[in-house]
Amino acid sequence: MSDQIIDTGHKFDSGEGRTASLPFDLFEEIRGDSTVLSLHGVYNTQTVKHLKPRLYELSEEWDGRTIVDLNKALFIDVSCLAVFFKAHKAALRKGGSVVFVNRNEHIQKIFHAVKMDRILNIVPSLEAADVFLNDKAQAV
């Protein structure tokens with residue numbers, strides 16, 4: 001299945017009614033040997049609870065390969081960064097990786113301000129994430 005993208009059909013509710021003024025969606029797809037979580041909209045203390053269970057589940061898989069695509073994320077706050085950090089640590093313990101891609105300028109500044117850009121696996125694109133994950137797998 002290399003280079004083939006398969007939509008798993010998981011589309012998470014945008015939270016309308018629960019967080020009416022904060023639009024967000026979370027999409028999941030399979031890309032080769034990796035799972036891609038695409039964040040759309042606003043992720044803060046009210047909405048990150050919809051991302052957390054799935055990201056933690058993926059990061060706990062042995063040799064898991066998770067890509068978090070931030071291309072359509074409008075905003076993330078420190079609660080989202082805490083979720084990212086915990087998932088990163090869990091994946092490392094299991095021999096896997098969580099890779100973050102497609103950060104916009106706002107999100108780049110947030111990662112840099114709290115020095116997460118020194119800790120997390122961050123690459124510019126999905127293709128670069130594939131290379132990163134494949135290189136890591138070959139090094140083991």
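- L120 and V131 are assigned to two separate hydrophobic clusters, defined by single-linkage of ILVMFWY side chains at heavy-atom distances under 4.5 Å.
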Check residues 92-99 and write down every donor-acceptor pair under 3.5 Å in which the side-chain atom is one partner and the other belongs to a residue at least two apart or another chain.
from, atom 1, to, atom 2, distance (Å)
S97, OG, K136, NZ, 2.8

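- By the ring-ring contact (aromatic ring centres under 6.0 Å, His included) test, H40 is found to be paired with F27, residues two or more places apart in sequence or in another chain being considered.
- The hydrophobic clustering, which links ILVMFWY residues whose side-chain heavy atoms are closer than 4.5 Å, places L51 and V78 apart.
- Between V123 and A129, the shortest heavy-atom contact is CG2-N, 3.5 Å.
- You'll find the side chain of F84 reaches within 4.5 Å of the side chain of I76, heavy atoms only.
- In this structure, H88 and I119 have side chains that are in contact, with non-hydrogen atoms separated by less than 4.5 Å.
- In this structure the side chain of L26 reaches within 4.5 angstrom of the side chain of Y43, judged on heavy atoms.
- Looking at heavy atoms from C-beta onward, L126 lies in side-chain contact with R31 at the 4.5 angstrom threshold.
- Every residue meeting the ring-ring contact (aromatic ring centres under 6.0 Å, His included) condition with H106, not counting sequence neighbours, appears here in chain and number order: F75.
- In this structure, K109 and H112 have side chains that are not in contact, with every pair of non-hydrogen atoms separated by 4.5 Å or more.
- Here F111 pairs with nothing under the ring-ring contact (aromatic ring centres under 6.0 Å, His included) rule; sequence neighbours left out.
- Applying the side-chain hydrogen bond (donor to acceptor under 3.5 Å, both in side chains) criterion to D77, with sequence neighbours excluded, gives S79.
- Using a 4.5 Å cut-off on side-chain heavy atoms (C-beta onward), T66 and S34 make no contact.
- In this structure the side chain of I67 never reaches within 4.5 angstrom of the side chain of L37, judged on heavy atoms.
- In this structure, the salt bridge (charged side-chain N to carboxylate O under 4.0 Å, His left out) partners of E57, at least two apart in sequence or on a different chain, are R54.
- Between L55 and V68 there is a side-chain heavy-atom pair separated by less than 4.5 Å.
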